There are 2 protein chains.
Amino acid sequence: MTSISSSVPLAKADPREPFWTRIASDLADAIVRGAYRPGDRLPSENVLAEQFGVHRHTIRKSLASLCSKGLVRSTQGSGTYVEDFAVDLVLAKRTRHQHNLSHAGLKGGLRVLRARTTRATKAQASALQLAPRSKLLLLDVLGEAEGVPLHVSERAFPLPRFAGLDAVVAETGSITAAFLAADVADYTRRESRITAHLPDPEVAAHLRQPPSRPVLRVDSVNVDTAGVPIEFAVTWFAGDRVHLVVAHHD
Amino acid sequence: MTSISSSVPLAKADPREPFWTRIASDLADAIVRGAYRPGDRLPSENVLAEQFGVHRHTIRKSLASLCSKGLVRSTQGSGTYVEDFAVDLVLAKRTRHQHNLSHAGLKGGLRVLRARTTRATKAQASALQLAPRSKLLLLDVLGEAEGVPLHVSERAFPLPRFAGLDAVVAETGSITAAFLAADVADYTRRESRITAHLPDPEVAAHLRQPPSRPVLRVDSVNVDTAGVPIEFAVTWFAGDRVHLVVAHHD
DNA sequence: CGATATTTGTCCGTATGTATA
DNA sequence: GTATACATACGGACAAATATC
């Protein structure tokens, strides 16, 4: 019989970390990876307790934490079920990661995976209306909600103007805040171009999903109030954790 | 040496069908299936001539036809290359298949694959604001451009109101025309919900793509000028042949 | 840089089947 | 039936652009 605890041994964990948090994140990982899919019933608390080698009350504490995050729902006499936790992300003129999540009652933020400077490719230069091979600041960013990765993106910013932006994003976890620090009080999205792909291994690893599960790729351009392009982003969304919603108003 | 003509014998073809049309559709199929991907160079005319067992001039006629359809582009001295033929489909309040294609300079239309009446599922009833298990007209529709399948959709229409709609769609190849015949002079799209999936075998077959290549699924609701829902559609778009574009205006 | 091979573009021709007047 | 026009298919030659070394 396969036990989750045997494939990811608890022994390796930080001894100061309580068992229940480790078990909770193990279960969350199993759900995110698709071992348990929305609608599935988790093994009973007693079975989980045996698998992880802990008391049932410890499992209950883990499940309660997952429940409060909206990942599972327990029903007395029936079992604990994986919730359909796909997040609606609204694509609109004023798209803000934070606002999108808080609207769904979730907590999350952005994490900078890598920052570097390069010269613009043809596609980047044309999207940002720059001369070919202009200098750019490139940020690889991971977007999360409740510890679950929702998207990874490569974001390009014109460089004399937005030098040092990476530090602010890394500190605040917000692009909007970083733009504000660079004297961009407001910005809007001009266009989004959506395609479906299989993720390359790096993207799949960041999204913690198998490369055989598809992702949504969104290419977008943000412009400041003067209409000058300030950001060209390619974002990969975990296909089954995210619903992109387009609200068609006038 | 492997020859395409041996794996797909020309002998089996309709004797009245010219070789060059058969070869053209074979090549188009290989491109659509992904055997040759955008940017790839096709084998040289001489190689193709040998493979298909025909004269080079016959191959040239086939390629000329593909070229006129925009599937390939030939460059003297270099070769014949598969064009990046992904179509931009704009998601907007007034989304019309025909207009989208003609804007891209393409010819295409809708083909009714199946028509039937059922009772509404929970999702359909809620989207169309109907009582559960109301009667619906269900249409399976294939959308094409230049003979290349772009999307398949299952479209649900409330039934006392839109009886006979299928006949008009089948005849005109246009949903808009069918709505017009049912006294709906204008309609708009309320919302689009976009996800990435792997297609089930039936959808993949209709789109003529392997089930391992992802598709975009778009759930949408159309309403008449009074705001009454008149259509709930689930559309699967061939992921690499379609770019969904969202233009963000005010 | 030049020499050479490859690949498409264009022209000459021949032969055959089919539709039309 | 005959003549004409057209589409199809094969054969060959060379020019022009490109790739490769």
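Just so it is clear, the structure is predicted and the values come from calculations on it, not from any experiment. Only heavy atoms go into these numbers, but all of them, side chains included; no hydrogens, no water, no symmetry mates.
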Taking the side chain as every heavy atom from C-beta outward, state whether B:K61 and B:H57 have any pair of such atoms under 4.5 Å apart.
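No, side chains not in contact.
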Would you say the base of D:dG12 and the side-chain of B:R56 have a donor-acceptor pair closer than 3.5 Å?
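Per atom types, no contact qualifies.
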Looking at the base of C:dG9, is there any donor atom on it, or on the side chain of B:H57, that sits under 3.5 Å from an acceptor on the other one?
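Not at all, since no donor on one side and acceptor on the other fall under 3.5 Å apart.
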Once you round it to whole Å, what is the distance between [atom2] of [N] and [atom1] of [X]?
| X | N | atom1 | atom2 | result |
| --- | --- | --- | --- | --- |
| B:Y81 | D:dA19 | OH | P | 6 Å |
| B:I59 | C:dT7 | CD1 | P | 14 Å |
| B:L63 | C:dT7 | CG | P | 14 Å |
| B:K61 | C:dG9 | NZ | C1' | 15 Å |
| B:Q76 | C:dC11 | CD | P | 12 Å |
| B:R73 | C:dT8 | CZ | C1' | 13 Å |
| B:L66 | C:dT8 | CG | P | 13 Å |
| B:N46 | C:dA5 | CG | P | 16 Å |

Relative to the 5' end of DNA chain D, which residue comes earlier, B:R41 or B:H55, by the nucleotide with the nearest heavy atom?
B:H55
Reckon B:T58 has a side-chain N or O less than 4.0 Å from the OP1 or OP2 of D:dC10?
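For B:T58, the contact criterion (side-chain N or O under 4.0 Å from OP1 or OP2 of D:dC10) is met.
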For C:dT8, take OP1 and OP2 only and decide whether either is under 4.0 Å from a side-chain N or O of B:T80.
yes
On DNA chain C, compare the nucleotides closest to B:R60 and B:G77; which residue's is nearer the 5' end?
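Nearest-nucleotide comparison on DNA chain C picks B:G77.
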For residues B:A156 and B:L128, report the shortest heavy-atom separation together with the two atoms involved.
O-CD1, 4.1 Å
Given D:dA9, D:dT18, C:dT8, the nucleotide with the shortest approach to the side chain of B:P18:
D:dA9
Among D:dT18, D:dA9, C:dT7, which is the nearest nucleotide to the side chain of B:W20?
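Per side-chain heavy atoms of B:W20, the pick is D:dA9.
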For the pair B:Q124 and B:E154, evaluate side-chain contact (heavy atoms from CB on, under 4.5 Å) and give the outcome as yes or no after the intermediate values.
CA-CA 11 Å; B:Q124 289 165 336; B:E154 187 186 82; 3.8 Å; yes
Between A:D140 and A:R116, does at least one N-O distance fall below 4.0 Å, as a salt bridge requires?
yes
Salt bridge B:E146-B:K69, side-chain N to carboxylate O under 4.0 Å
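Here B:E146 does not pair with B:K69 in a salt bridge, since their nearest N and O are not under 4.0 Å apart.
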Tell me which nucleotide, if any, is Watson-Crick or G-U wobble paired with C:dT4 when both distances must be under 3.5 Å.
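D:dA19 - that is the nucleotide pairing with C:dT4, both distances being under 3.5 Å.
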